[in-house]
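Since the model is a prediction, treat every value here as computed from it, not as a measurement.
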Amino acid sequence: MELSEFSRKYIEILDNASLKYDRLLWWSTLLGARNRFYDPTLELQKLILDPALGETSRKQPTFLRRLARLSDSVCLLLLALFKKMLLVGKSIPVADTEYYTIVKTHSYDHSFKNGQFIDPFLGALTEKIQSEKQAIVITEHLGHYFKSLPKIRTVNNVFNIYQFLKAKDLLWVLGIMLKNFFKRPQSSNNNILQLVDDNFRLEICSKWVAHNLILYRAFRNIFNSYQSKYIHTLYENTNWEKVLIWAKNGSSSTAKVIAHQHVPISESALNYFPGASEAKLVSPDFIITTGETPAMILRRNLPISGDRIKVGCGIRFHSREILKSSTSVKAILAALDGTSNARPVLNFLYENRKTIASHGWTVIVRFHPIFDLSQMKNFIKFDLCRDTNWEVSTKDLSSDLARSSLLAYWGSTVSFEAVSCGLPVVCVKGLSEILSNDPLWGVECLKWSVSEADDIDSILSHLESYDHAKNQRNSNPDLSQYFEEMTDQTLTRFFDL
């Protein structure tokens, strides 16, 4: 599974275009991260496919539009200061001569229970590091910060990123943003480069860039304060990961950055694959994968030495013993991602609602923890709760999988868990998408691939005679190369470097 010629061209164009910009600012932008959920990313891909599209009119980043974004960024800086003040009294580790193992991860609202932190990303690895090493675990909260604040304060061995900020850091961020706000725009006769520059000028005023600059200063403070040999973090090659490595490289720290690929790699996930100049400056020292297949994908497509990519295990992936011996349950489980971009799944099922009802099937909609129904309502034109055969799930994932006979998804990793227990899946691609977001890249069994405008009738007819028990027994080996089982032995791979 190698990147297409188009994907390589797209990465190369952005890598070359980035050379004229400030490195930190570029890596703080969504375009600099090749974020597939960012609309201008798709616009750029279309322009590469058809340069003639550049002749059509395109909105330029006006002064007022940039000023509005800058105002949002100032509000974000004030909010960051407020978040830090709310954590006053929760002490941080003492900076001494001993070496720490630093872990940078994320937390959700449900990650704090009974005074304990349950890492939703690195899981058992964080527990092992905390039990065997002198560790500093740093989280960035993805959820309702103020609602979870009391729980965050009660966990003694886990620290929020805002605790490492200083007031002067926020002033530094404000100065950087004001300085770049008043810079003159660059013009180009090349439509692609002009599109990149237009979006860069708009983005550097945004609160997303402000947020990443805040993280940079916090990381810088951490690496200058604490001696460490190893920094464990995630690997999706997103903004904050590049910012972390750039901060480490500019500090006195000599620690090795060990990044963990924790979610599957799809064809559209070009964020994973840096260009040559980016790879030289902000690549982790080691990348640990969930299995042999993602390691193979990264070795073939990353411009770094293959011996820096190691096979670990699937820390986040758990095989579920879900027995399905009949087709009496006629339910489609719609597993959504934490983004509005997953709406093709809902569009597909809603357009086929009459066919689904005529077959006697129901639809169970399962939202992501950080993107619920109240948020998705702003991006769809129909009422999910109007039809009696539709429901929004409040159950746990195992229960939802057990009461379903088909999983519909866009990019959700729930698809792996479904296939592992013999549940057929259908991947729904949006009409405007160029590259697939399917995380089951290379997996063909138990799967259909459709667009949101396709018909579901033939799929449901096929499933009426489907043998769930037989496919459950035969499907597990198909995923063994994607996710190696987590054991005490495979966990040691994260340390034997």
With side-chain contact (heavy atoms from CB on, under 4.5 Å) as the criterion, how do S228 and S253 come out once you've worked through the C-alpha distance, each side chain's angles and the decisive distance to 0.1 Å? CA-CA 7 Å; S228 60; S253 176; 4.0 Å; yes
Under the criterion side-chain hydrogen bond (donor to acceptor under 3.5 Å, both in side chains), I'd like the reasoning laid out for D197 against Y21: C-alpha separation, chi angles, the key distance, then a yes or no. CA-CA 9 Å; D197 192 67; Y21 301 116; 2.8 Å; yes
Backbone N or O of V443 within a donor-acceptor pair of the K447 side chain at under 3.5 Å? yes
Above 12 or not: heavy atoms from other molecules or residues under 6.0 Å from CD of Q375? yes
Between W441 and Y482, ring centroids under 6.0 Å: no
Side chain of R366, backbone of K395: donor and acceptor closer than 3.5 Å? yes
Under 30°, 30 to 60°, or over 60°: which ring-plane class applies to Y145 and Y162, parallel, tilted or perpendicular? perpendicular
Mark yes or no for whether E203, through its side chain, and V209, through its backbone, hold a donor-acceptor pair below 3.5 Å. no
Look at the rings of F371 and F379 and say which category their plane angle falls in: under 30° parallel, 30 to 60° tilted, over 60° perpendicular. tilted
Under the side-chain contact (heavy atoms from CB on, under 4.5 Å) test, which residues partner S73, sequence neighbours left out? M177, K207, A210
CZ of F6 to CD1 of I434, rounded to nearest 0.5 Å, is 4.5 Å
Test item: N239 side-chain N/O and W27 main-chain N/O as donor-acceptor pair under 3.5 Å: yes
Please find out if less than 6.0 Å separates the ring center of Y235 from that of H260. no
Taking atom types as modelled, find out whether T41 and N35 have a side-chain donor-acceptor pair closer than 3.5 angstrom. no
Carefully, step by step, assess D109 and S148 under the rule side-chain hydrogen bond (donor to acceptor under 3.5 Å, both in side chains). CA-CA 6 Å; D109 295 336; S148 298; 2.8 Å; yes
Does the structure place the NZ or CZ of R34 under 6.0 Å from the centre of the six-membered ring of Y10, at an angle of no more than 45° from the ring's axis? no
Quick check: does any side chain N or O of R308 sit under 3.5 Å from a backbone N or O of I287, one acting as donor and the other as acceptor? no
Measure from the side-chain N and O atoms of D22 to the backbone N and O of L25, and report whether any donor-acceptor pair falls under 3.5 Å. yes
If you compare all heavy atoms of A408 against all heavy atoms of I332, which two are closest, and at what distance to 0.1 Å? CB-CG2, 4.1 Å
When every non-hydrogen atom of L3 is compared with those of R8, the smallest separation belongs to O-NE, 3.6 Å
Neighbour count above 12 (heavy atom, 6.0 Å) for K256 NZ: no
Evaluate the ring planes of F382 and Y350, with Trp represented by its six-membered ring, and classify them as parallel (under 30°), tilted (30 to 60°) or perpendicular (over 60°). parallel
Do D438 and K429 sit within salt-bridge range, that is, some charged N less than 4.0 Å from a carboxylate O? no
Donor-acceptor pair, distance only, cut-off 3.5 Å: does the side chain of N180 make one with the backbone of I176? yes
How long is the span from the CD1 atom in I309 to the CD1 atom in I288, to the nearest 0.5 Å? 10.0 Å
Over 60° means perpendicular and under 30° means parallel, so tell me whether F219 and W240 are parallel, tilted or perpendicular. tilted
Does any pair with a residue in residues 66-86 pass ring pair (Phe, Tyr, Trp, His ring centres under 6.0 Å), and if so which ones, sequence neighbours excluded? F82-F146
List the steps and the verdict of side-chain contact (heavy atoms from CB on, under 4.5 Å) for L87 and L149. CA-CA 8 Å; L87 288 166; L149 186 63; 3.8 Å; yes
For D285 and V257, indicate whether the former's side chain and the latter's backbone hold a donor-acceptor pair under 3.5 Å. yes
Shortest non-hydrogen contact between N157 and V137, atoms and distance: O-CB, 4.0 Å
Before accepting this row, confirm whether a basic side-chain N of the pair E433/R36 lies closer than 4.0 Å to the acidic partner's carboxylate O. no
Heavy atoms from other residues, nucleotides or ligands near CD of E2 exceed 12 (cutoff 6.0 Å): yes
For the atom pair CD1 (I222) and CD1 (I138), what is the distance rounded to the nearest 0.5 Å? 3.5 Å
Do you know the tightest heavy-atom contact between D15 and A276? OD2-N, 3.1 Å
Is NZ or CZ of R353 both nearer than 6.0 Å to the six-membered ring centre of W390 and within 45° of the ring axis? no
Would a distance-only check, ignoring hydrogens and angles, find a side-chain to backbone donor-acceptor pair under 3.5 Å from S283 to A279? yes
F348 and W448 aromatic centres sub-6.0 Å: no
Start with the C-alpha distance between D400 and S393, add both sets of side-chain angles, then the distance that settles side-chain hydrogen bond (donor to acceptor under 3.5 Å, both in side chains), and finish with yes or no. CA-CA 8 Å; D400 281 342; S393 174; 2.6 Å; yes
Salt bridge check: are E140 and K104 linked by an N-O gap of less than 4.0 Å? yes
Taking all non-hydrogen atoms of both residues into account, name the closest pair between V425 and S415 and its distance. CG1-O, 4.2 Å
Under 6.0 Å between the ring centres of F223 and F164? no
Using 30° and 60° as the class boundaries, would you call the ring planes of H141 and F112 parallel, tilted or perpendicular? tilted
Do L336 and V345 pass the side-chain contact (heavy atoms from CB on, under 4.5 Å) test, and can you show the C-alpha distance, the side-chain angles, and the key distance before you say yes or no? CA-CA 8 Å; L336 304 182; V345 175; 4.0 Å; yes
Mutual orientation of the aromatic rings belonging to Y230 and H232 [parallel < 30°, tilted 30-60°, perpendicular > 60°]: tilted
Check: F416 ring centre within less than 6.0 Å of Y409 ring centre: no
Any carboxylate oxygen within less than 4.0 angstrom of a Lys/Arg side-chain nitrogen, looking at E278 and R23? no
With a cut-off of 6.0 Å (strictly less than), are more than 12 heavy atoms of other residues, nucleotides or ligands near CG of N378? yes
For the backbone of L122 and the side chain of D119, can you confirm whether one donor and one acceptor N or O come within less than 3.5 Å of each other? yes
